[in-house]
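These notes concern the structure reproduced below.
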Amino acid sequence: MAKDRTVHYDGPAGGWGSLRGIATVFGKEWATPLATETLARQNKPGGFMCVSCSWAKPAAHHPFEFCENGAKATLWELTSHRCTPDFFARHSLTELRRWRDHDLEHQGRLTHPMRYDPATDRYVPCGWDEAFSAIGRELRAIDPKSSVFYTSGRASLETAYLYQLFARLYGHNNLPDSSNMCHETTSVALKKVIGASVGTVVFDDLSNCDAMFFFGQNTGSNSPRFLHPLQEAAKRGVKIVTFNPVRERGLESFTNPQNPVEMLTGRETAISSQYHQLRPAGDIAAVLGICKHVFAADDAAKQKGRRVLDVDFIAQHTRGLDAFEKMVRATPWETIERESGLSRKVIEAAAQVYVEADRVTAFYGMGLTQHRHGFENVAMLVNMLLLKGNIGREGTGISPVRGHSNVQGQRTVGIAEKPELVPLDKLAQQFNFEPPRDKGMNTVEVCEGILAGRVKAFIGLGGNFVRAIPDHGRMEKAWSGMRLTVQVATKLNRSHLVHGEVAYLLPCLGRTEEDMQASGPQAVSMEDTFSNILGSKGRRKPASEHLRSEVAIVAGMAKATLPMNNKVTWDRWVADYALIRDLIAETYPEEFHNFNARMWTPGGFYRGNSARERIWKTQSGKADFTVPKTLSAAGFEDAPGRYRLITLRSNDQFNTTIYGYSDRLRGIEGRRDVLLINPGEMRRNGLREGQVVSLVSDAQDGIEREVTGLTVTPFALPDGCLGAYYPEMNPLIAVAHHDEQSGTPAAKSVPVRIRPGGKAAGGKPGESAGAPA
Ligand SMILES: Nc1nc2c(c(=O)[nH]1)N[C@H]1C(S)=C(S)[C@@H](COP(=O)(O)OP(=O)(O)OC[C@H]3O[C@@H](n4cnc5c(=O)[nH]c(N)nc54)[C@H](O)[C@@H]3O)O[C@H]1N2
Ligand SMILES: Nc1nc2c(c(=O)[nH]1)N[C@H]1C(S)=C(S)[C@@H](COP(=O)(O)OP(=O)(O)OC[C@H]3O[C@@H](n4cnc5c(=O)[nH]c(N)nc54)[C@H](O)[C@@H]3O)O[C@H]1N2
Ligand SMILES: [Mo]
């Protein structure tokens, strides 16, 4: 039989392709002196911090400390296109709701504050004062607890701090943020088992480890600057072992686009020494298999008077090994093989690397967190690391690779729906008020609240909430039940087109732009994935003279809503952000003392991590081994015709921002309305390449959810699973389908069925896919 054809890409990540990737989206526009001058300041001390991912900004930086996707993100913000009142006069919101995500953002930067006018179904320009006083009036008229203040992970520490203060002075803890859809699983699981809610790895550990284990993180597209230290590690002989249902190019091979020799000779570096395509949601079983081999290797070593386990570490620092070991030894290999989709042989090969390496780091992303049992995924990875003392020692540790550029930092300064994570007494004393103590709503609870009609007002500080959340079709319909919606944004997106009775769209400065206030130009700060705090200063002329900074917009809304309080001086704070940093330092002295002086430290200042010091702030006072309650993270049974759908990001998007239609590193070009499936599954289903099908949700809750117009595309995936793009697939995810412990939507194993037949996608790529049902 002829070998099955699958769509794929053979070239390395990086290389000339990455430069072409930028040029395809931006044409000649990207090579202007102004753009290159701005890019040269990206992620450098005294410059501005990339608006794309939160990968660390090393003190010893490269001449160009940006990557293909960082450049796209910056250029996307610097665009010369403008989305003006004129544009809104020409298009009703009903019409714009039929546009694609890419075409909405492609209109360019928002220029004026806008108010929704129901008579014409259009946004019309309004003054800032008018907007603020209307928002204040509306908020004062409702119960604060029926309102929601959402944050997407881009806003600075200064903005985030003022925003949470506004929420608490007003009277609620409803502060969901994008991390509720992302690494909330991490925040809950790591806090529970090692007592620190963020990763323990720092930059130096990358050059001091002997092996790296990668689970469900697509470095090549989502944190490409990480490819540089990965390449260095691979060249040093560090063993890199990857578990991912998809063969992601960046974890296979890389050519450094900033190295002329590599570029001209086309020399690539192989990254992963082992690559295991496990079933989606099979990680608990795979890691359990690794642990099983570690116990077996330890048994064998004992015969020779040696140990594989770090027995001293285990005795001194952990709790719960016995129950865990018992469970692992009792689990048969057949079960592990079935649940992981991997053979005993390959799991043992991975485990052998773990056994032999003295210092091991583990990295993970959405492939572990976005499952019904994501918590168990993360806790299981910690189990593995604890066996050999691979936390709290140089060259070791666990590293959730965080998403948005300041998503981790926002949590650090109080954006949290969980009041126990916030020093409320301190805030009470600083600002002379009684903060709300009841638990606020996370993202999933907000969705439920909107569906039930309980939420009356929604303020979105950045992001594209309606598009990013699950159950898109149902959520859009319920959205207009709200009284007030306010969106603070740089570019037009779908969340601006669905709205409450009273709605405002408020345009803000981007991070590359000069933020001029009464005391002079301002800087802001953020926290990277390794917990370093860094300053960022924009220098570009703002996209419009009507823009305000996020700090000023939050303060403007707050001032119009709240009664006078002489401890709360919004105008002074807006005039000089250094005063806000002083407030942050007062609330969080341990992490932020001397904040203003330290924020320009090259590479940032480290805010510390107790688990890294082997101080375990858990209930038991130790690092906890945990017994997983299931071996599959999916949370639903296998059944004939039921697939596990992985929702994927392409190389040409940042979350809901779609730059273009090239998923270069997977070989998918020109369209996003694809259904990825392996050739064997195609045969079993009688499907042929290019056929158009629908996906329907198999959530078994009686609700019909469908996405139509998907083109069958042969792709090297494991059996029993499918791949398709986020956010177009979000109508298929039930709100109730989330990690049980943290509420993170389970977007990496969604139960679906294929429904053959259906209309072709029409003229433009991606047109019908994801249109609300
Ligand atoms: N260019 C760009 N950069 C970004 C973003 C972007 O959209 N574009 N988004 C930013 C944000 S907010 C975030 S959170 C991060 C997201 O970055 P990642 O954490 O990399 O998230 P995804 O791309 O959603 O998926 C990660 C990987 O998980 C794999 N996977 C799926 N299911 C499983 C599973 O069950 N087990 C395992 N082991 N692997 C699985 C997928 O094949 C994929 O390679 O990136 C950030 N950086
Ligand atoms: N099915 C599925 N769903 C997912 C995921 C998945 O993997 N699969 N991933 C989840 C994850 S990890 C995340 S983080 C969420 C993302 O959810 P969000 O963070 O809500 O969404 P983004 O797409 O990042 O938001 C993009 C918008 O932010 C605005 N923006 C850009 N820059 C700025 C700025 O500087 N200031 C302000 N105020 N606004 C700005 C622009 O208007 C732009 O349209 O989606 C989640 N949803
Ligand atoms: Mo994210």
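Order of appearance sets the numbers: ligands from 1, and atoms from 1 within every ligand.
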| query | If only atom types and distance count, is the side chain of Arg411 paired as donor or acceptor with the main-chain N or O of Ile415 below 3.5 Å? | reply | yes

| Lys/Arg cation over aromatic Tyr725: Arg672, 6.0 Å, 45° cone | yes

| query | Where does Cys508 meet ligand 2, judged by heavy-atom distances below 4.0 Å: at the side chain, the backbone, both, or neither? | reply | side chain

| task | Using atom types as modelled and distance alone, determine if a side-chain donor or acceptor of Asn651 lies under 3.5 Å from a backbone N or O of Leu665. | result | no

| query | Judging by distance only, is a nitrogen or oxygen of Asp283 under 3.5 angstrom from one on ligand 1? | reply | yes

| task | Report yes if Asn218 has an N/O atom closer than 3.5 Å to an N/O atom of ligand 1; otherwise report no. | result | yes

| Nearest-contact summary for atom 25 (O) of ligand 1 - protein heavy atom, Å | Lys748 CE, 3.4 Å

| query | Backbone or side chain, does any N or O of Asn244 fall under 3.5 Å from an N or O of ligand 1? | reply | yes

| said: Measuring from atom 17 (O) of ligand 1, which candidate in Thr219, Asn222, Thr657 has the nearest non-hydrogen atom? | reply: Asn222

| request: Can you pull out the closest protein heavy atom to atom 15 (C) of ligand 1? Residue, atom name and distance to 0.1 Å, please. | output: Gly403 CA, 3.8 Å

| request: Mark up the atoms of ligand 1 that fall under 4.0 Å of a heavy atom belonging to Asn69, in ascending order. | output: 1 (N)

| query | What's the shortest distance from atom 12 (S) of ligand 1 to any protein heavy atom, and which residue and atom give it? | reply | Asn655 ND2, 3.3 Å

| message | Given the ring of Phe87, does Arg109 sit roughly above its face, with NZ or CZ under 6.0 Å from the centre of the six-membered ring and within 45° of the axis? | response | no

